[in-house]
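Nothing here was measured: the structure is a model prediction, and the numbers come from that model.
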Amino acid sequence: MNSHDMRHDRAAAQQIIKALALPALSRAPEPPRPVPLSHLPRLPRETSMLYTIGRVDRSGRVTNRGLTDAVRWQPGDRLAMTLTPSAVVFCPDPGGLLRVPPRPCIAIPVTARRLLSITPGDELLLAAAPEYRIVITHTMQAMEDMLTSFYAQIAADELPRP
(Lines give C-alpha, C1' and ligand atoms only; values in the text may rest on other atoms or scores of the structure.)
Protein backbone atom coordinates (compact mmCIF):
# COMPACT_ATOMS: atom_id res chain seq x y z
CA MET A 1 0.00 0.00 0.00
CA ASN A 2 1.50 3.33 -1.01
CA SER A 3 1.41 6.56 0.99
CA HIS A 4 -1.40 8.01 -1.14
CA ASP A 5 -3.63 5.01 -0.29
CA MET A 6 -2.74 5.24 3.40
CA ARG A 7 -3.63 8.96 3.47
CA HIS A 8 -6.89 8.21 1.69
CA ASP A 9 -7.76 5.43 4.20
CA ARG A 10 -6.83 7.67 7.14
CA ALA A 11 -8.99 10.51 5.77
CA ALA A 12 -11.92 8.12 5.25
CA ALA A 13 -11.54 6.80 8.81
CA GLN A 14 -11.47 10.34 10.21
CA GLN A 15 -14.66 11.20 8.30
CA ILE A 16 -16.40 8.13 9.72
CA ILE A 17 -15.26 8.97 13.27
CA LYS A 18 -16.37 12.59 12.84
CA ALA A 19 -19.80 11.44 11.61
CA LEU A 20 -20.19 9.11 14.61
CA ALA A 21 -18.88 11.56 17.23
CA LEU A 22 -21.43 13.03 19.59
CA PRO A 23 -21.80 16.80 19.54
CA ALA A 24 -20.28 18.73 22.42
CA LEU A 25 -22.78 19.52 25.16
CA SER A 26 -23.38 23.15 25.97
CA ARG A 27 -24.30 22.31 29.57
CA ALA A 28 -23.46 19.61 32.06
CA PRO A 29 -25.26 16.35 31.23
CA GLU A 30 -27.93 15.10 33.60
CA PRO A 31 -26.85 11.99 35.47
CA PRO A 32 -28.52 8.82 34.19
CA ARG A 33 -31.57 7.73 36.14
CA PRO A 34 -31.41 4.21 37.56
CA VAL A 35 -34.11 1.74 36.56
CA PRO A 36 -36.80 1.30 39.24
CA LEU A 37 -37.67 -2.07 40.78
CA SER A 38 -41.10 -2.10 39.16
CA HIS A 39 -40.70 -5.47 37.46
CA LEU A 40 -39.39 -7.38 40.49
CA PRO A 41 -41.89 -9.35 42.53
CA ARG A 42 -42.62 -7.94 45.96
CA LEU A 43 -41.19 -10.24 48.59
CA PRO A 44 -43.82 -11.60 50.98
CA ARG A 45 -43.69 -10.13 54.48
CA GLU A 46 -42.87 -13.51 55.98
CA THR A 47 -39.77 -13.94 53.79
CA SER A 48 -36.79 -14.69 55.98
CA MET A 49 -33.98 -12.22 55.38
CA LEU A 50 -30.31 -12.26 56.26
CA TYR A 51 -28.47 -8.99 56.84
CA THR A 52 -24.80 -8.19 57.08
CA ILE A 53 -22.38 -5.35 56.38
CA GLY A 54 -19.74 -5.83 53.71
CA ARG A 55 -16.82 -3.72 52.52
CA VAL A 56 -16.23 -3.03 48.81
CA ASP A 57 -12.76 -3.90 47.52
CA ARG A 58 -10.87 -2.15 44.70
CA SER A 59 -12.54 -4.34 42.07
CA GLY A 60 -16.07 -3.68 43.32
CA ARG A 61 -16.42 -7.04 45.04
CA VAL A 62 -17.97 -7.65 48.42
CA THR A 63 -17.01 -11.02 49.83
CA ASN A 64 -19.29 -12.71 52.32
CA ARG A 65 -19.18 -16.47 51.94
CA GLY A 66 -22.00 -17.02 54.44
CA LEU A 67 -24.34 -14.87 52.37
CA THR A 68 -23.43 -16.34 48.99
CA ASP A 69 -23.74 -19.84 50.47
CA ALA A 70 -27.18 -18.95 51.91
CA VAL A 71 -28.48 -17.87 48.48
CA ARG A 72 -26.83 -20.95 46.91
CA TRP A 73 -24.88 -19.01 44.27
CA GLN A 74 -22.35 -21.18 42.48
CA PRO A 75 -19.42 -20.10 40.26
CA GLY A 76 -20.70 -19.45 36.76
CA ASP A 77 -24.34 -18.93 37.76
CA ARG A 78 -25.93 -16.17 35.69
CA LEU A 79 -27.39 -13.18 37.52
CA ALA A 80 -29.56 -10.27 36.50
CA MET A 81 -28.82 -6.90 38.06
CA THR A 82 -31.44 -4.24 38.71
CA LEU A 83 -30.26 -0.78 39.64
CA THR A 84 -32.43 1.49 41.78
CA PRO A 85 -31.75 5.00 43.11
CA SER A 86 -30.47 3.50 46.36
CA ALA A 87 -29.62 -0.16 45.78
CA VAL A 88 -28.30 -2.84 43.46
CA VAL A 89 -30.37 -6.03 43.30
CA PHE A 90 -28.93 -9.34 42.10
CA CYS A 91 -31.08 -12.37 41.31
CA PRO A 92 -30.57 -15.60 39.39
CA ASP A 93 -31.55 -15.38 35.74
CA PRO A 94 -30.55 -17.86 33.00
CA GLY A 95 -30.31 -14.92 30.58
CA GLY A 96 -28.50 -12.66 33.05
CA LEU A 97 -25.51 -10.68 31.84
CA LEU A 98 -23.48 -11.18 35.02
CA ARG A 99 -21.87 -14.36 36.28
CA VAL A 100 -20.93 -15.42 39.78
CA PRO A 101 -17.09 -15.34 39.89
CA PRO A 102 -15.01 -18.48 40.61
CA ARG A 103 -14.84 -17.39 44.26
CA PRO A 104 -18.51 -16.55 44.95
CA CYS A 105 -19.02 -12.93 45.97
CA ILE A 106 -21.19 -9.95 45.18
CA ALA A 107 -19.47 -8.28 42.21
CA ILE A 108 -20.87 -4.79 41.63
CA PRO A 109 -20.22 -3.58 38.07
CA VAL A 110 -18.39 -0.28 37.63
CA THR A 111 -21.45 1.44 36.11
CA ALA A 112 -23.52 0.67 39.20
CA ARG A 113 -20.68 1.78 41.48
CA ARG A 114 -20.41 5.10 39.64
CA LEU A 115 -24.16 5.77 39.66
CA LEU A 116 -24.43 5.06 43.39
CA SER A 117 -21.08 6.71 44.27
CA ILE A 118 -19.69 3.46 45.70
CA THR A 119 -15.93 3.61 46.21
CA PRO A 120 -13.37 1.08 47.47
CA GLY A 121 -13.58 0.74 51.24
CA ASP A 122 -17.26 1.76 51.41
CA GLU A 123 -19.48 -0.39 53.57
CA LEU A 124 -22.76 -1.69 52.18
CA LEU A 125 -25.75 -3.29 53.84
CA LEU A 126 -26.25 -6.68 52.21
CA ALA A 127 -29.79 -8.02 52.50
CA ALA A 128 -30.42 -11.54 51.22
CA ALA A 129 -33.62 -13.48 50.69
CA PRO A 130 -32.27 -17.06 50.56
CA GLU A 131 -35.64 -18.51 49.55
CA TYR A 132 -35.54 -16.40 46.37
CA ARG A 133 -31.72 -16.40 46.00
CA ILE A 134 -31.79 -12.58 45.86
CA VAL A 135 -29.17 -10.19 47.27
CA ILE A 136 -29.90 -6.48 47.69
CA THR A 137 -27.03 -4.11 48.39
CA HIS A 138 -27.71 -0.71 49.97
CA THR A 139 -25.24 2.12 50.45
CA MET A 140 -24.84 3.52 53.95
CA GLN A 141 -26.23 6.83 52.65
CA ALA A 142 -29.38 5.02 51.51
CA MET A 143 -29.64 3.38 54.92
CA GLU A 144 -29.27 6.74 56.64
CA ASP A 145 -31.97 8.23 54.41
CA MET A 146 -34.35 5.33 55.11
CA LEU A 147 -33.78 5.49 58.86
CA THR A 148 -34.18 9.28 58.94
CA SER A 149 -37.48 8.96 57.09
CA PHE A 150 -38.62 6.13 59.37
CA TYR A 151 -37.85 8.03 62.59
CA ALA A 152 -39.32 11.26 61.21
CA GLN A 153 -42.60 9.37 60.59
CA ILE A 154 -42.55 7.96 64.13
CA ALA A 155 -41.97 11.44 65.55
CA ALA A 156 -44.81 12.85 63.39
CA ASP A 157 -47.17 10.08 64.56
CA GLU A 158 -46.38 10.85 68.21
CA LEU A 159 -47.02 14.61 67.97
CA PRO A 160 -50.32 15.71 69.48
CA ARG A 161 -52.95 16.48 66.88
CA PRO A 162 -54.92 19.73 67.16
Side-chain angles (χ1 to χ4, degrees), residues 22 24-162:
L22 296 174
L25 295 173
S26 58
R27 60 181 176 85
E30 291 183 32
R33 292 187 192 166
V35 178
L37 278 173
S38 59
H39 73 280
L40 286 181
R42 186 179 187 100
L43 294 174
R45 213 175 228 305
E46 56 277 351
T47 300
S48 63
M49 298 291 291
L50 297 175
Y51 300 96
T52 190
I53 303 291
R55 188 173 304 276
V56 180
D57 73 10
R58 290 181 306 195
S59 299
R61 293 183 300 253
V62 182
T63 304
N64 186 297
R65 192 60 194 243
L67 199 72
T68 53
D69 284 350
V71 293
R72 301 179 315 282
W73 287 359
Q74 297 297 314
D77 285 353
R78 289 187 173 274
L79 302 173
M81 177 188 80
T82 302
L83 191 58
T84 75
S86 63
V88 184
V89 181
F90 299 94
C91 60
D93 181 344
L97 298 177
L98 304 175
R99 287 188 183 269
V100 176
R103 296 176 124 186
C105 65
I106 294 95
I108 303 169
V110 68
T111 53
R113 295 194 314 263
R114 285 181 183 150
L115 286 170
L116 295 177
S117 301
I118 297 171
T119 59
D122 284 355
E123 290 184 322
L124 303 177
L125 172 70
L126 307 173
E131 184 178 348
Y132 298 93
R133 303 181 64 210
I134 294 173
V135 174
I136 307 165
T137 65
H138 292 281
T139 64
M140 287 297 119
Q141 182 61 54
M143 290 305 306
E144 185 177 317
D145 294 346
M146 285 187 266
L147 289 171
T148 299
S149 175
F150 175 78
Y151 288 118
Q153 184 60 49
I154 288 174
D157 290 346
E158 291 178 356
L159 291 175
R161 301 192 189 253

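Considering Leu79, Thr68, Leu67 as possible partners of Val135, the one that fulfils the side-chain contact (heavy atoms from CB on, under 4.5 Å) test is Leu67.
Side-chain contact between Leu116 and Ile108 is absent, with no heavy-atom pair separated by less than 4.5 Å.
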### Task
Would you sort out whether Thr137 and Val62 count as a side chain to side chain contact (heavy atoms under 4.5 Å, CB included), showing the intermediate values?
CA-CA 10 Å; Thr137 65; Val62 182; 6.0 Å; no
### Task
Give the intermediate values and the outcome of side chain to side chain contact (heavy atoms under 4.5 Å, CB included) for residues Leu147 and Glu144.
CA-CA 5 Å; Leu147 289 171; Glu144 185 177 317; 6.0 Å; no
### Task
List the steps and the verdict of side chain to side chain contact (heavy atoms under 4.5 Å, CB included) for Leu124 and Thr139.
CA-CA 5 Å; Leu124 303 177; Thr139 64; 4.1 Å; yes
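Across all non-hydrogen atoms, the minimal contact from Val71 to Pro130 is CG1-CA, 4.0 Å. The shortest heavy-atom contact between Arg61 and Cys105 is CD-SG, 3.5 Å. Taking each heavy atom of Ile136 and Ala87 in turn, the nearest pair found is CG2-CB, 4.0 Å. Considering every non-hydrogen atom in both Gly60 and Arg113, the closest pair reads CA-NH1, 3.3 Å.
Atom CD1 of Ile106 sits about 7.5 Å away from atom OG1 of Thr63, to the nearest 0.5 Å.
Side-chain atoms of Trp73 come within 3.5 Å of backbone atoms of Arg133 as a donor-acceptor pair (strictly under, hydrogens ignored).
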Identify each donor-acceptor pair in which a side-chain atom of residues 93-103 lies under 3.5 Å from a protein atom, sequence neighbours left out, and give them as a table.
residue, atom, partner, partner atom, Å
Asp93, OD1, Gly95, N, 2.8
Arg99, NH1, Gly76, O, 2.9

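Shown here is Arg114, whose CZ atom has no more than 12 heavy atoms of other residues, nucleotides or ligands within 6.0 Å.
Residues in residues 117-130 take part in these side chain to side chain donor-acceptor pair (under 3.5 Å) pairs, two or more places apart or across chains: Arg55-Glu123, Thr119-Asp122.
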